[in-house]
Amino acid sequence: MAKPIKKAVFPVGGLGTRFLPATKAMPKEMLPVVDKPLIQYAVEEAQAAGIEEFIFVTGRGKSAIEDHFDHSFELETLLKERGKIDELEAQKAWIPPAGHTAYTRQQEPLGLGHAVWCARHFIEDEPFAVLLADDLVLSDTPCLAQMVEVHQRTKGNVVAVMDVPREHTSRYGVIDPGAVDGDCVEIRGLVEKPAPEEAPSTLSIIGRYILMPEVFEHLSKGERGASNEIQLTDSMAQMIGHQPFHAHRFEGVRFDCGDKIGFLQANIAFALEREELREGVVSFLKALDL
Ligand code: G1P
């Protein structure tokens with residue numbers, strides 16, 4: 001039996017310069033899609049996949065994230081006094097129980113691999129998940145839950161992948177694919193941000209990972225890769241051949257919310273999913289007559 005995946009790491013230390021001035025005094029992970037911050041979508045996706053421990057790798061200026069996943073005494077008292085019991089319950093439902101969140105600081109912006117390595121003391125000898133809140137997936141079954149199912153079958157590392165236009169490979173970790181079994185693709189190699197002409201395929205990693213704890217042995221070496229950063233992809237690549245490693249072509253649509261167009265598309269797509277908003281959004285879009 002594969003050990004259950006109970007812990008997830010959320011690297012949230014990034015500065016979010018692409019969204020200035022919005023992110024000057026507010027973490028980019030708190031940007032809302034419709035009415036919910038990006039980081040809450042990621043936490044709820046993790047909860048839906050059975051995650052019970054939430055480890056945030058933060059940085060300076062990120063304290064709003066900690067406040068967000070805590071009870072707000074004033075808000076809860078006010079809702080109670082006004083008899084808004086449904087709203088009160090709805091606001092409390094997604095807050096992890098006491099002692100189930102942990103925060104550690106990345107201290108230096110040395111890359112995604114370094115951010116995950118900063119969480120090493122919170123993970124024991126167990127597989128764990130990593131979720132990048134910038135990548136938002138709209139799907140019937142939450143993306144991480146799909147991956148947990150793959151992990152239970154393959155008993156190894158799993159990353160979520162999608163095909164991207166070849167001219168975009170330099171934005172992603174790209175896989176060298178092996179045997180294909182439905183949506184599950186064996187990984188023979190991994191390259192971080194390859195130039196289009198050098199990419200082994202166009203199957204690219206989006207920010208969802210299930211990793212075996214051995215990844216920390218490789219991350220601990222602190223080797224620099226693309227952009228002179230400590231890349232998670234490089235440490236993952238070193239596990240290939242030693243442990244099962246698969247890519248999951250997830251069901252769903254991924255929005256790159258680290259990018260303005262992706263973020264705007266996510267807002268429209270998620271608003272269209274909401275019964276109370278759908279009609280208003282559709283009539284606005286139709287009236288645009290572009
Ligand atoms: C990171 C990873 C990359 C992955 C991407 C997904 O890159 O390094 O392998 O494909 O996230 O969003 P970043 O977007 O932080 O440059």
Side-chain angles (χ1 to χ4, degrees), residues 8-19 23 27-29 31 33 38-39 41-42 45 57-59 62 106 108-119 129-138 143-144 147 157-177 185 187 189-196 198-211 215 218-219 222-240 245-250 252-263 265-266:
V9 175
F10 301 86
V12 291
L15 280 179
T17 48
R18 281 195 274 172
F19 274 89
T23 50
K28 65 172 172 154
E29 297 79 10
L31 288 170
V33 167
L38 286 169
I39 188 64
Y41 284 97
E45 184 182 324
V57 182
T58 72
K62 298 282 182 164
Q106 189 179 3
E108 290 174 275
L110 299 181
L112 179 60
H114 177 255
V116 172
W117 176 78
C118 289
V130 176
L131 293 95
L132 308 185
D134 278 359
D135 283 317
L136 184 55
V137 182
L138 182 58
C143 185
L144 190 66
M147 295 166 67
N157 302 279
V158 184
V159 291
V161 294
M162 61 183 252
D163 267 309
V164 303
R166 188 162 273 276
E167 62 269 27
H168 291 173
T169 56
S170 59
R171 301 179 189 173
Y172 299 93
V174 177
I175 76 162
D176 179 4
V185 184
I187 296 184
L190 283 167
V191 195
E192 180 68 10
K193 303 199 167 73
E198 280 158 21
S201 75
T202 53
L203 271 183
S204 303
I205 302 175
I206 64 126
R208 298 290 181 278
Y209 308 79
I210 291 176
L211 298 173
V215 74
H218 304 291
L219 288 172
E223 285 164 2
R224 305 284 182 126
S227 318
N228 198 30
E229 290 185 349
I230 301 169
Q231 296 291 352
L232 181 58
T233 302
D234 296 343
S235 285
M236 293 193 303
Q238 295 180 46
M239 293 195 285
I240 298 167
F245 212 132
H246 294 85
H248 172 60
R249 283 178 184 267
F250 60 97
V253 183
R254 171 260 192 178
F255 297 94
D256 177 6
C257 291
D259 169 79
K260 288 187 189 89
I261 292 290
F263 178 72
Q265 288 171 343

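Along the sequence shown, the residues carry numbers beginning at 1. Numbering of ligands and ligand atoms starts at 1, following listing order. The structure displayed is predicted, hence computed values, not measured ones.
Asp135 meets the salt bridge (Lys or Arg N to Asp or Glu O under 4.0 Å) test with Arg254; sequence neighbours excluded.
In this structure a side-chain-to-backbone donor-acceptor pair under 3.5 Å is present from Arg18 to Gly258. Between the side chain of Ser235 and the main chain of Leu232, no donor-acceptor pair closer than 3.5 Å is present. Between the side chain of Gln231 and the backbone N or O of Ala226, at least one donor-acceptor pair lies under 3.5 Å. Within the 3.5 Å criterion, the main-chain N or O of Val130 finds no donor-acceptor partner in the side chain of Arg208.
Here the rule is side chain to side chain donor-acceptor pair (under 3.5 Å) with Lys28, and of Thr23, Thr17, Asp134 only Asp134 fits it.
Around ligand 1, the residues contributing at least one heavy atom under 4.0 Å from the ligand are Leu112, Leu132, Asp135, Tyr172, Gly173, Glu192, Lys193, Ile205, Ile206, Gly207, Tyr209, Gln231, Thr233, Arg254.
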